Asks: 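Let me give you the structure first, and then I'll get to my questions.
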Amino acid sequence: MNETNNPDSRRSFLKLAGLTAIGASSIPIVGLTGCAQKKEEQKTLTSGGSSIVVRKNIADLPSNDPEIQLFKDAVKILRKRSEISPLDPSGWQAHCMLHTTFCAMSIYSNQVHYNWYVWPWHRLYLWSMEQKLQKAVGEPKLALHYWDWTKDRKIPGHYWGGSDNPLFNGTREVGPEDEIPKDFINVGAAFRASDYKTFGGYPAAKKRGNSQLDGIAEQTFHNNIHNWIGGQMATFTESGFEPIFYGHHGNCDRIWDAWRNYNTSYQLPDTEEWLEKRLYATDGNGTPVAFKIKELLNTEDLGYRFENLDFNPTFSNPLEHSDQPIRQESVRDCIAPLNLKTSQADKIYADLNDKERTHVILHFERAQIPYHAYCARVYFEYDKDGVKQSRYTGTFTILPILDLDAMFLQNGVHLQIEIEKEIAEAIKAKKDIQVIFEPTPLPNRNIPNEKLRLENISLKLTV
């Protein structure tokens, strides 16, 4: 039986979607703005009789759009189920706890962050939510939305209001007029990562002492925006309870698709360890399901596609100097010299022989470990012709990483960063280079008084 108490919104949605018995529409796939698109014939999707839904940018739809109202009706139903029974596997709470199971820090073997499983699992998690919402209102054409924060840096109005809006969350540290800082959402560095390990992370560590290397996409815009919003969104254990999580991760999922379209040479991992890995969630009825990663690579196989892969070119391309943050010296800055002896200076310089920028792995040791997310802008500072240069390389949110035995947090940290040729030239010239982590203020939160002490900073090429 259809559980929605708003049948008019459902009828309006059906009319809007053109879902008549004989109607059909052809929807082209739109190319990535500011990016080199794959040179292949564009595919089209015929919606008549198809089970494929189209995910759209929520900011492009009016708040009173029938599609939005149906989405809210479905969320209300899931929330009501959990009020009746928190254990209802098709309810809001049980679904949100899935994220806790695979993304919190209590059981290392379940962890999908800090490694190359992060994007396939979150794709499955969003599919799981979409299936539950469709079942709740009996509408197989209902689609999740994404929030394209490259175009709309304020949280869309659909997520604001009060307790009568099921998409509202009162724990947020930001307000409707706050804008994400530009350097928090530079997706271009991720698009230019030519190897999936750089974009999406390295294999999961298998024994204690092995390095855990999350990808540049996770370390930058993914973490930054979670942390910027604050409240439940800034936690592993509760972020799945925040409705905007699904808009944010919907865009991250879309960026993964866009990365695959960015350059014809980009390839996904082809190892059995990745392709055959089983990931777990629940279906629309709350029944446990398992998918191999190789079954999650084509969104249309999962019943959805994105309306387009257009992103704001400002953030798809290298950030202009005018959009880069200016170094602001502070007593809380974390400063340590780059160890030229342990850095791959010659290899990095050679790699930049015919290009202006490349990706490298920055490694450092923490003398002590904070138990909170740490957001910082990273600069390389050195002398050039008697003038101090401060070269911005990126904004990162560093998370406390659980070790294999589920008891300790790692001292060693790796950041995958993109550097310009000028920095490589300074390394090649063996200049005295200081690496600076400048703590970044977040809305309504103070920079921690604790100063993070860094040791043994080195650089090497990725993959």
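Since the model is a prediction, treat every value here as computed from it, not as a measurement.
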Asks: When you check the gap from the basic side-chain N to the acidic O, do E273 and K206 get nearer than 4.0 Å?
Replies: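 Looking at E273 and K206, the cut-off is met.
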Asks: Y196 vs W116, test: ring pair (Phe, Tyr, Trp, His ring centres under 6.0 Å). Steps then yes/no.
Replies: CA-CA 8 Å; Y196 180 80; W116 61 357; 7.2 Å; no
Asks: On the 0 to 90° scale, with breaks at 30° and 60°, tag the W121-F102 ring pair as parallel, tilted or perpendicular.
Replies: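 The rings of W121 and F102 sit tilted, inter-plane angle from 30° to 60°.
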Asks: Establish, yes or no, whether a centroid distance under 6.0 Å links the rings of W149 and F184.
Replies: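 Ring centroids of W149 and F184 are no less than 6.0 Å from each other.
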Asks: What distance do L297 atom CG and L275 atom CG have between them, rounded to the nearest 0.5 Å?
Replies: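 Here the rounded value is 6.5 Å.
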Asks: Would you call the rings of F236 and Y114 parallel, tilted or perpendicular if under 30° counts as parallel and over 60° as perpendicular?
Replies: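 F236 vs Y114 ring planes: perpendicular.
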Asks: What is the ring orientation for H249 with H222, classed by angle as parallel under 30°, tilted 30 to 60°, or perpendicular over 60°?
Replies: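 Because their plane-to-plane angle is over 60°, the rings of H249 and H222 count as perpendicular.
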Asks: Write out all pairs satisfying ring-ring contact (aromatic ring centres under 6.0 Å, His included) with one or both partners inside residues 425-448, taking only residues at least two apart or from two chains.
Replies: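 Of all non-adjacent pairs touching residues 425-448, those that pass ring-ring contact (aromatic ring centres under 6.0 Å, His included) are F364-F437.
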Asks: Could you check whether Q416 and H359, counting side-chain N and O atoms only, form a donor-acceptor pair closer than 3.5 Å?
Replies: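 There is no such pair (donor and acceptor under 3.5 Å, judged by atom type) between the side chains of H359 and Q416.
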Asks: When you compare the side chains of E242 and Y159, does any donor N or O come within less than 3.5 Å of an acceptor on the partner?
Replies: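 Side chains of E242 and Y159: no pair found under 3.5 Å.
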Asks: Using 4.0 Å as the upper bound for N to carboxylate O, is an ion pair formed by D178 and K154?
Replies: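 Result for this pair is no, no salt bridge flagged.
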Asks: Cationic tip of R55 within the cone over Y146's six-membered ring, i.e. under 6.0 Å and within 45° of the normal?
Replies: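 Here R55 fails the 6.0 Å and 45° test against Y146.
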Asks: Side chains of D333 and Y379: is there a donor and an acceptor less than 3.5 Å apart?
Replies: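 No - no donor-acceptor pair under 3.5 Å links their side chains.
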Asks: Enumerate the salt bridge (charged side-chain N to carboxylate O under 4.0 Å, His left out) contacts for residues 220-241, please, sequence neighbours excluded, ordered by first and then second residue.
Replies: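 Output for this query is empty, none listed.
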Asks: For F191 and F311, run ring pair (Phe, Tyr, Trp, His ring centres under 6.0 Å): C-alpha distance rounded to whole Å, both residues' side-chain angles, the deciding distance at 0.1 Å, then the answer.
Replies: CA-CA 11 Å; F191 282 144; F311 294 87; 5.7 Å; yes
Asks: Please identify each residue that fulfils side-chain contact (heavy atoms from CB on, under 4.5 Å) with K388, with sequence neighbours left out.
Replies: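 K388 satisfies side-chain contact (heavy atoms from CB on, under 4.5 Å) with E329, E381 only.
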